[in-house]
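The structure under discussion appears below in the form of structure tokens.
From a predicted model like this one, the values you see are computed outputs, not experimental measurements.
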Amino acid sequence: TLYVKIVVMIFSILSSLNYAVYFLASRRKWREIFKNNEIKAFFKIMGIATVLIALSLRFSGTYDNIWHAVKDGLFQVVSFISTSGYFVCDYTAWPAFTTTILMILLFIGGCSFSTSGSLKVMRVTVLFKLIRRGFMQQIHPHMVKAVMLDDNTPVSAKAASSIVAHTLLFFVIFFLGCVLLSFNDLDMETTVTTSIGLFSNTGMALGLPGCSGYFGMFDDFSKLVMCFLMIAGRLEMYSLVIVFAKSFWKPDKAVII
């Protein structure tokens, strides 16, 4: 029912917000919450994605009613970006444009310090600001401009380097998962979306798994790979990947890379 969908969406969104929001709310600092760039970016992304998906569903003839297109589109947008993994319809039958947007949302995820998986909105925001600064520096080579956060605090070089390294590691593991899962010789849609679906901890994919969440078509080796992807995605990667580093087992010896 509509009531159940609204409840699921509300709590999916609440679980995707930065926990600092609840601390600020307990102190009744509402102005700081509404001024937070990550929160604003999070809702802007959901709003834009919902509008694009609803229009695509309506004008492609998938839905005859714009209200139903908005309702189902919003629910799936919230489900994908929050990585909660719910569905109310067969989204795999939607136009390619809409499913592409949903897959992009899986890479973004919710806000930092939330229960959602994937890259998180703050990292994506900083990455786009770094890219924009890179373009400006190509035009003005001698320009010195810091990447600023919502409270006019500059992002330090160490923090920016950490975000870039985290993003690169994210895509390395994602592509490695795609390569290892490709040994099953299934179609590209199934292989790629399964990798990001499990790595983001949604369990949602396109192709053969579809909305069922059933991945029994993969062999035993691939199931171990999928277990690794789910654990790595849930532990923010470093907690699991660091186990394979020599320095972890020999902390008294420095390893120079």
Separation between [atom1] of [X] and [atom2] of [Y], rounded to the nearest 0.5 Å:
X    : Y    : atom1 : atom2 : answer
I196 : I173 : CD1   : CD1   : 11.0 Å
S222 : L180 : OG    : CG    : 8.0 Å
L105 : Q76  : CG    : CD    : 10.5 Å
S182 : D187 : OG    : CG    : 12.0 Å
E189 : T194 : CD    : OG1   : 9.5 Å
L55  : T98  : CG    : OG1   : 12.0 Å

Do [X] and [Y] come close enough that some side-chain heavy atom pair is under 4.5 Å?
X    : Y    : value
S84  : S79  : yes
V147 : R132 : no
M226 : L181 : yes
P209 : T190 : yes
N184 : M217 : no
T99  : T92  : no
M46  : I81  : yes
F43  : V121 : no

Is there a donor-acceptor pair under 3.5 Å between the side chain of [X] and the backbone N or O of [Y]?
X    : Y    : value
S15  : F11  : yes
T167 : I163 : yes
T193 : L206 : yes

Please give me the minimum heavy-atom distance between [X] and [Y], naming the atom from each residue.
X    : Y    : result
L106 : G197 : CD1-CA, 4.3 Å
C111 : I39  : SG-CD1, 4.1 Å
A49  : I101 : CB-CG2, 3.9 Å
F87  : C211 : CE2-O, 2.9 Å

Is there a path of hydrophobic side-chain contacts, each under 4.5 Å between heavy atoms of I/L/V/M/F/W/Y residues, joining [Y] to [X]?
X    : Y    : result
V88  : L74  : yes
F183 : L186 : yes
M204 : F107 : yes
L224 : L229 : no
V51  : V78  : no

Quick one: side chain to side chain contact (heavy atoms under 4.5 Å, CB included) partners of T62, sequence neighbours excluded?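 T62 satisfies side chain to side chain contact (heavy atoms under 4.5 Å, CB included) with L57, S60, W94, P95 only.
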Under the side chain to side chain contact (heavy atoms under 4.5 Å, CB included) test, residues paired with V8 that sit two or more places apart: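 Testing V8 for side chain to side chain contact (heavy atoms under 4.5 Å, CB included), a comparison that skips the adjacent residues, returns V4, S12, F75, Y86.
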Just jot down the side chain to side chain donor-acceptor pair (under 3.5 Å) partners of S114, sequence neighbours excluded, or say none.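 Listed in chain order: S116.
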Determine, step by step, whether W67 and K71 satisfy the side chain to side chain contact (heavy atoms under 4.5 Å, CB included) criterion, reporting the C-alpha distance in whole Å, the side-chain angles of both residues, the deciding distance to 0.1 Å, and the verdict. CA-CA 6 Å; W67 162 245; K71 181 181 62 176; 4.2 Å; yes
With a 3.5 Å cut-off and sequence neighbours excluded, list the donor-acceptor pairs that the side chains of residues 134-143 form with protein atoms.
none

For residues 18-31, pull every pair meeting side chain to side chain donor-acceptor pair (under 3.5 Å), keeping only residues two or more places apart or in separate chains.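 Checked against side chain to side chain donor-acceptor pair (under 3.5 Å) - neighbours excluded - the pairs reaching residues 18-31 are N18-S112.
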Can you pull out every ring pair (Phe, Tyr, Trp, His ring centres under 6.0 Å) where at least one residue sits in residues 187-225? Sequence neighbours excluded, please.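 Sorted pair list: F170-F199.
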May I have the step-by-step check of side chain to side chain contact (heavy atoms under 4.5 Å, CB included) for F97 and I53, ending in yes or no? CA-CA 8 Å; F97 176 75; I53 288 176; 5.9 Å; no
More than 12 heavy atoms of other residues, nucleotides or ligands under 6.0 Å from NZ of K223: is that the case?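 For K223, atom NZ is crowded (more than 12 foreign heavy atoms under 6.0 Å).
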K40 vs F34, side chain to side chain contact (heavy atoms under 4.5 Å, CB included): CA-CA, chis, key distance, verdict: CA-CA 7 Å; K40 291 190 289 186; F34 293 121; over 6 Å; no
